[in-house]
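One structure is given below, encoded as structure tokens.
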Amino acid sequence: MASLLPSFFGSRKTNAFDPFSLDIRDPFEDLFSSTPVNVPASTRETSAFVNARIDWKETPEAHVFRADLPGLGKAEVKVEVEEGRILQISGERSEEDEGKNDKWHRIERNSGKFLRRFRLPRNAKMDQVKASMENGVLTVTVPKDEEKKLEVKAIDISG
């Protein structure tokens, strides 16, 4: 049974107990509902594009976020930092224009808005965030402060 779980729930590398994430995702939500329950009502009315997949890795120098956003340009994507060390990535993919004489046979590409928020750890340098977009992949780099080594001070024991 354990071997079925990774293929059933996908191969995303996530941690349900990640203390830095505001993005708490229920693995059963896709099975029972077509509407994400953890998304604000104003965003729910968009489409499944709301669940843009984003990877977050930590290197010794920075936190690096990568989002696959095929078909979007940097004009349709917004990266913001908020008070409280919140990184917000949002955007919108517009629907295809319907021509007068067009006949659609199938529409599988999602359109609509997406919004993802991440609470960053204390060592994030929020004033030095950089973002770039290449070939439909958004990369956001948040540099980290150097870790301060704990100083150990010996205490004399009297008596």
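A heavy-atom distance below 4.5 Å is not found between the side chains of Val64 and Val140. In this structure, Asp145 and Lys125 have side chains that are in contact, with non-hydrogen atoms separated by less than 4.5 Å. Looking at heavy atoms from C-beta onward, Phe65 lies out of side-chain contact with Leu138 at the 4.5 angstrom threshold. Between Pro70 and Arg93, some side-chain heavy-atom pair lies under the 4.5 Å cut-off. Annotation: side chain of Ile86 is not in contact with side chain of Phe118 (no heavy-atom distance under 4.5 Å).
Sorted pairs that involve residues 126-141 and meet side chain to side chain donor-acceptor pair (under 3.5 Å), not counting sequence neighbours, are lacking altogether.
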Quick one: side chains of residues 77-85, donor-acceptor pairs under 3.5 Å with protein atoms, not counting sequence neighbours, listed by atom name and distance.
unit_1	atom_1	unit_2	atom_2	d
Glu80	OE1	Gln88	NE2	3.2
Glu82	OE1	Arg117	NH2	2.6
Arg85	NE	Leu120	O	2.8
Arg85	NE	Pro121	O	3.4

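Distance OG/Ser90 to CZ/Arg116: 12.0 Å, rounded to 0.5 Å. Here the CG-CG distance, from Asp55 to Asp68, works out to 7.0 Å after rounding to the nearest 0.5 Å. To the nearest 0.5 Å, atom CD of residue Glu92 and atom NZ of residue Lys113 are 5.5 Å apart.
Scanning all heavy atoms of the two residues, the minimum distance from Ala62 to Pro143 falls at CB-CA, 3.9 Å.
Proximity of a side-chain donor or acceptor of Lys144 to a complementary backbone N or O of Thr59 within less than 3.5 Å is detected.
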For side chain to side chain contact (heavy atoms under 4.5 Å, CB included), just list the numbers for Arg53 and Leu69, CA-CA rounded to whole Å, side-chain angles, deciding distance to a tenth of an Å, and then say yes or no.
CA-CA 9 Å; Arg53 304 289 188 215; Leu69 304 172; over 6 Å; no

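Between Trp56 and His63, the ring planes are perpendicular. Angles over 60° get that label, and only those under 30° would be called parallel.
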